[in-house]
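Everything below concerns the one structure shown next.
The sequence lines fix the lettering, A, B, ..., with proteins before strands; numbering per chain opens at 1. These values consider heavy atoms only, across backbone and side chains, with no hydrogens, waters or symmetry-generated copies.
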Protein chains: 2
Amino acid sequence: MPTTPHRPDRPRRPKPAEFELLKHLARAGGEGRPAAWSSMEVGKLLGVSQQAADRYLRNLATEGKISRSLGGRKQRLELLPAGREELRREYGELRRLFEGPARLAFAGTVASGLGEGRYYLSRPGYLVQFAERLGYTPYPGTLNLKLSASDLTLAASTKSWRGIRIDGFSASGRTFGGASCHAAHLNGRPAHLIMPDRTHHTESVEFIAPEFLRGALGVSDGDRVDVVLEEAETSA
Amino acid sequence: MPTTPHRPDRPRRPKPAEFELLKHLARAGGEGRPAAWSSMEVGKLLGVSQQAADRYLRNLATEGKISRSLGGRKQRLELLPAGREELRREYGELRRLFEGPARLAFAGTVASGLGEGRYYLSRPGYLVQFAERLGYTPYPGTLNLKLSASDLTLAASTKSWRGIRIDGFSASGRTFGGASCHAAHLNGRPAHLIMPDRTHHTESVEFIAPEFLRGALGVSDGDRVDVVLEEAETSA
DNA sequence: ATTACTAGGTATCGAGTAC
DNA sequence: TGTACTCGATACCTAGTAA
């Protein structure tokens, strides 16, 4: 029986050169503006041959980290969210290493959601995960806080935090997306910020807690709530 | 004539697994406190075999990025400055990507140094580098600014910046350490902050400029000077 | 128990070249 | 021009095992 060395099993860690390529794309293609580089140019950029560069490009494309349009003379290369996520994860890990867990503070005003929160929160696929990873079953409804543009950017930086993972799943013929939760204090009261993996281009953020937050905080639409977010310290 | 594929020439980019190992060591061995891991454990940590882990350890050790003492049952592993530098460089690059070039502002009070600055600045080994990389020959003396503890921490964060490298060298039987320079404005006047690779556990920072700074700024011991540091934008 | 060598396999490179 | 295939050579992995 032959030996079975090497198992290219798990998510495959990107090669240094591929990671480098992602960084180059992030620098060159600041959101929506694709770079126009031939595989030859990419090769020179990375210090590898045209063939290797081409292989990298194809691999990254099939992994959904970049998009390529091979139309004209030079292919258009664009960093996709999955690729940016790859960079952000590494960034978060290193930042945590050098700067320690981050803390964030801002304020928002209570807003009415579309009632979607209640529906999503009651899905069993989410409920079991909340119970297990947050340690409680959330009140079936989210508190919606509307944020200023700058505070929204601030909140978005939690994307590079580790967070508590809530995995997506499929049930009754449709898919429910994943999210990351972050420990939060709303006017000093413990809660969790929920950051869905797929952003809705919204101007507000949502929180869950074991209790009915509007009641516990004594707030209603338009009231101001102070938010403090703290990154989990777990490093492994 | 056989082909000559593969040239493992340049500084060798670290493998993902090796980089991961450096991160683990940075987390585990917070300065001076070595980790005690067998190659078997390291392998499990990285998801590779004991043999591969061992190879990584030996490579990193010969590159001076980690130190190993193979004394007892488990080897003691410690991250060396070169290894930390490796991590810091990657961190700086990613931070620049996500946050843009950093800017820093603080204030200090003029203090008298020990006259060492004048001695070091007059070493030819440094002078040629200053002339070439800073574009001027500094006035033979440094301006010493005493900082508060918090401002000192702030200034220390330039360690993750790119900076202008001044390399160490040996001359007349002793060694002179390297440093990184960062563009600065002192009360609006251009200068460079010098951050020696080897910290002196000092409570002040030093600046150089083409001109005699005390004179040009019209300051003397105890006067306050405002400092603005700006990270170089060069990304490649 | 460790670390580290050897053997034999896979992964991945660059050159040549088809398209 | 470009991208992407084949192929020979090398880098690198794991298993077995010596030290």
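Residue A/A52 has its side chain nearest to C/dG14 when only D/dT14, C/dG14, D/dG2 are considered. In this structure, of D/dT3, C/dT3, D/dC13, it is D/dT3 that holds the atom nearest to the side chain of A/S39. Side-chain proximity of B/Y56 to the nucleotides C/dC13, D/dC13, C/dA4 is greatest for D/dC13. Closest to the side chain of A/V48, from the set D/dT3, C/dG14, C/dA4, is C/dG14. With distances taken from any side-chain atom of B/L70 to the nucleotides D/dC12, C/dT3, C/dC13, the minimum falls on C/dT3.
A close approach under 4.0 Å does not occur between any side-chain nitrogen or oxygen of B/R58 and OP1 or OP2 of C/dT3. The phosphate of D/dT6 has neither OP1 nor OP2 within less than 4.0 Å of any side-chain N or O from A/R55.
A/P101 is linked by a side chain to side chain contact (heavy atoms under 4.5 Å, CB included) to A/E231, A/E233, counting only residues two or more places apart in sequence or in another chain. Remark: B/R58 pairs with B/D54 by the salt bridge (charged side-chain N to carboxylate O under 4.0 Å, His left out) rule, at least two apart or across chains.
If you check every strand for non-hydrogen atoms under 4.0 Å, A/S49 touches a base.
For residues 126-138 of chain B, the pairs satisfying salt bridge (charged side-chain N to carboxylate O under 4.0 Å, His left out) are B/R133-B/D167, with sequence neighbours left out. The salt bridge (charged side-chain N to carboxylate O under 4.0 Å, His left out) analysis of residues 37-51 of chain B, with sequence neighbours excluded, yields the pairs B/E41-B/K74.
Of the N and O atoms on the side chains of A/E20 and A/Y56, not one donor lies less than 3.5 Å from an acceptor on the other residue.
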Nucleotide N/O to protein N/O under 3.5 Å, stretch nucleotides 17-19 of chain C:
none

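Rounded to 10 degrees, the angle between the two end axes of the helix from C/dT2-D/dA19 to C/dC19-D/dG2 is 30°, with five pairs used at each end.
Using the six-membered ring where Trp is involved, B/F98 and A/Y91 have ring planes that are parallel, under 30° apart on the 30 and 60° scheme.
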